[in-house]
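Chain letters run A, B, ... following the sequence lines, proteins first, then strands; residues in each count from 1. Model, not experiment: these values are computed from the prediction.
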Amino acid sequence: MSQTTFALVDCNNFYASCERLFRPDLKDKPIVVLSNNDGCVISRSKEAKALGIRMGIPFFQIAPLIKRYDITLFSSNYALYADMSQRVMQTLGNLSPRIEVYSIDEAFLDLSGTHSLFDMQILGETIQSKILKDIGLSVGVGIAPTKTLAKLANYGAKHYPKTGGVVDLSLKRRQHNLMKITPVSEVWGVGRQLSKKLAFMNIKTAWDLACSNPAEIRRLFSVVLERTVRELNGENCLSLEEIAPAKKQIISSRSFGERITNIESMREAISSYASRASEKLRAENQLSKFMNIFITTSQFNPNTPYYAKSQSVQFITPTDDTRIILTAANQALERIWKDGFAYAKAGIMLADFSYKHQQQLDFFHNNPNSDKLMKTIDTINQKSRHTLFFASQGIEQHWGMKRDYLSPAYTTNWKDLMSVK
DNA sequence: TCTGGGGTCCTAGGACCC
DNA sequence: TCTGGGGTCCTAGGACCC
């Protein structure tokens with residue numbers, strides 16, 4: 001039986017790198033990409049990291065640094081990142097037939113079987129240079145017999161510049177060496193809480209964790225961490241998932257650009273989120289039976305009164321019809337709305353899905369046959385976003401997202417196409 | 001003044017059933 | 001006076017990921 005080999009390829013500073021791709025003047029300059037509403041930092045160029053700007057830090061806390069170090073800001077531009085991501089994944093797909101797109105900026109490749117033909121290190125470098133040449137983004141590549149070890153290899157590739165961004169952990173000896181110098185908190189699946197608990201047990205490095213007793217770990221923690229221990233020892237517990245499993249829930253929620261104090265604006269917001277969630281649901285070819293909406297004031301400001309409430313709705317017949325979901329959402333809103341608060345965020349969750357073509361109809365159900373209308377709306381909006389929308393979503397949307405530093409949609413909008421002088 | 005959004009999985013505990 | 005045990009389902013909460 002041949003040994004499995006996974007590669008984890010992930011883009012360096014993905015959002016910041018995407019922005020810089022279209023702004024060559026920003027080469028070697030600090031760049032920061034902000035979350036929705038320009039709330040906090042979610043991506044930093046190497047230079048911004050060097051200035052000590054932490055991931056997730058609220059924007060206002062670093063505002064003084066912006067001028068001092070001439071940092072360029074960007075509001076997040078997901079249309080751009082999603083498009084760049086697709087290009088990266090397509091290139092990777094051409095290099096390896098078996099690929100799992102794990103997130104917007106990383107993918108696992110199954111290289112099993114190829115390692116008798118190629119030197120893994122060279123294969124990794126080939127992947128790296130191909131992405132750089134074709135798309136202009138730099139990636140790190142980690143290669144190893146299990147996904148968890150491939151993640152670890154990738155961490156090594158990023159953390160140690162001498163590796164050139166490619167680390168091959170096919171050999172046990174190399175796995176052990178890297179694990180011995182890697183803090184356990186860097187292991188995939190070990191977060192802050194687990195690190196703290198593990199530290200009490202004197203498990204401080206990835207190596208310590210790999211050497212612990214899996215049964216004991218299961219008893220004290222969970223089956224998830226047990227798998228991690230096994231994976232660190234080269235035992236495959238996680239397989240490549242080429243086809244994304246069906247979603248179990250869909251959430252559409254957002255903080256507001258400015259606080260909402262009247263129910264009319266909240267109706268617009270809830271309607272917009274409900275509409276967006278329904279769209280996502282239809283794209284999944286699923287029907288939903290359960291809906292939950294929530295509204296909340298800021299959880300950070302202790303000086304303003306706090307109020308948070310949610311309301312669930314069960315649909316008698318599973319649905320994907322925006323009109324039905326929208327109506328239910330607004331009725332639910334009436335029940336939880338309270339005047340006199342400054343709301344900061346709201347959202348909707350759809351769950352309890354069934355496949356559309358396996359629909360169980362109610363005996364008394366008169367099929368509204370809304371398919372055609374919804375399909376038409378979706379088709380038009382896919383070509384040009386937000387062309388058709390429901391009146392209850394509002395037109396002005398004063399509460400909408402704050403995006404003061406938005407870059408053009410270079411690759412997805414004709415009018416934002418770059419021109420060469 | 002200003003703190004993202006969208007997911008998954010696991011576990012413990014309660015309700016309920018036989 | 002004596003008050004089982006095992007199974008399932010659901011939910012809330014916690015932990016993790018990017």
Side-chain angles (χ1 to χ4, degrees), chain A residues 8-15 32-43 53-64 66 73-78 81-82 85 100-108 147-148 151 154-155 184-198 217-228 237-238 241 244-259 273 276-277 280-281 283-284 290 292 294 296-304 310 312 314 342 344-353 401-405:
Chain A
L8 177 71
V9 181
D10 110 329
C11 301
N12 299 324
N13 319 323
F14 183 55
Y15 298 167
V32 155
V33 180
L34 302 171
S35 66
N36 284 328
N37 272 318
D38 299 339
C40 46
V41 173
I42 54 169
S43 182
I53 294 172
R54 287 200 325 276
M55 183 73 174
I57 193 173
F59 171 50
F60 70 91
Q61 286 180 19
I62 58 152
I66 303 302
L73 294 172
F74 291 95
S75 302
S76 36
N77 182 346
Y78 286 102
Y81 312 147
S85 172
E100 171 187 343
V101 177
Y102 179 66
S103 76
I104 194 163
D105 75 331
E106 64 189 294
F108 286 100
K147 280 178 153 185
T148 305
K151 270 276 193 185
N154 186 279
Y155 161 79
V184 72
S185 57
E186 296 295 340
V187 173
W188 192 34
V190 179
R192 278 238 297 284
Q193 302 304 317
L194 286 177
S195 307
K196 229 191 285 173
K197 270 190 175 171
L198 288 167
I217 291 292
R218 182 185 198 134
R219 194 174 59 81
L220 292 170
F221 296 90
S222 73
V223 62
V224 183
L225 196 59
E226 180 198 2
R227 278 201 285 259
T228 302
C237 303
L238 306 166
E241 291 181 17
K247 284 204 170 77
K248 293 178 177 167
Q249 52 172 266
I250 287 170
I251 296 170
S252 176
S253 83
R254 204 133 286 169
S255 319
F256 308 126
E258 49 189 73
R259 301 284 188 254
Y273 304 155
R276 178 79 191 109
K280 289 193 212 169
L281 183 65
E284 287 273 310
F290 174 88
N292 181 273
F294 69 89
T296 172
T297 59
S298 171
Q299 51 178 324
F300 297 104
N301 193 339
N303 303 319
T304 56
S310 70
S312 306
Q314 299 271 356
K345 185 176 178 178
I348 176 170
M349 185 198 26
L350 299 175
D352 208 346
F353 296 155
M401 235 199 288
K402 201 161 95 188
R403 297 212 278 184
D404 289 346
Y405 313 98

Trainee: Please name all residues satisfying side chain to side chain donor-acceptor pair (under 3.5 Å) with A:Glu106, sequence neighbours left out, ordered by chain then number.
Mentor: A:Ser103, A:Lys151
Trainee: Applying ring pair (Phe, Tyr, Trp, His ring centres under 6.0 Å), can you list everything that pairs with A:Phe108, at least two apart in sequence or on another chain?
Mentor: A:Tyr102, A:Trp188
Trainee: Which residues satisfy the side chain to side chain contact (heavy atoms under 4.5 Å, CB included) test with A:Ala342, sequence neighbours excluded?
Mentor: A:Arg259, A:Thr261
Trainee: Between B:dG6 and A:Arg254, is there an OP1 or OP2 to side-chain N/O distance shorter than 4.0 Å?
Mentor: yes
Trainee: Quick check for you: among B:dG7, B:dG5, B:dC10, whose closest atom lies nearest to any side-chain atom of A:Ile251?
Mentor: B:dG7
Trainee: According to a strict under-4.0 Å criterion, is A:Asn301 in side-chain N/O contact with OP1 or OP2 of B:dC2?
Mentor: yes
Trainee: Name the closest nucleotide to the A:Arg259 side chain, picking from B:dC10, B:dT3, B:dG7.
Mentor: B:dT3
Trainee: How would you list, by chain and number, every residue that makes a salt bridge (charged side-chain N to carboxylate O under 4.0 Å, His left out) with A:Asp38, sequence neighbours excluded?
Mentor: none
Trainee: Could you spell out the base pairing of DNA chain C as a dot-bracket line? Use Watson-Crick and G-U wobble contacts where both distances are under 3.5 Å, [ ] for crossing pairs, | for partners on a different strand.
Mentor: ....||||||||||||||
Trainee: Could you work out, with salt bridge (charged side-chain N to carboxylate O under 4.0 Å, His left out) as the rule, every residue matching A:Glu284, not counting sequence neighbours?
Mentor: A:Lys247
Trainee: For A:Val224, give me all partners under side chain to side chain contact (heavy atoms under 4.5 Å, CB included), at least two apart in sequence or on another chain.
Mentor: A:Ser222, A:Arg227
Trainee: Would you say A:Ser85's side chain and A:Ile104's backbone share a donor-acceptor pair under 3.5 angstrom?
Mentor: yes
Trainee: Below 4.0 angstrom from OP1 or OP2 of B:dG5, is there any side-chain N or O of A:Ser255?
Mentor: yes
Trainee: So, is A:Lys247 close to the B:dT8 phosphate, meaning a side-chain N or O under 4.0 Å from OP1 or OP2?
Mentor: no
Trainee: Mind listing the N/O atom pairs, protein and nucleotides 13-18 of chain C, below 3.5 Å?
Mentor:
from, atom 1, to, atom 2, distance (Å)
C:dC16, OP1, A:Gly191, N, 3.0
C:dC16, OP1, A:Gly191, O, 3.2
C:dC16, OP1, A:Arg192, N, 3.4
C:dC16, OP1, A:Gln193, N, 3.3
C:dC16, OP1, A:Leu194, N, 2.9
C:dC16, OP2, A:Gln193, N, 3.4
C:dC17, OP1, A:Gly189, N, 3.0
C:dC17, OP1, A:Val190, N, 3.4
C:dC18, OP1, A:Lys151, NZ, 2.7
C:dC18, O3', A:Ser103, OG, 3.0
C:dC18, O3', A:Asp105, OD1, 3.1
C:dC18, O3', A:Glu106, OE2, 3.0

Trainee: For A:Ser255, check side chain to side chain contact (heavy atoms under 4.5 Å, CB included) against everything at least two apart and list the hits.
Mentor: A:Asn37, A:Lys345
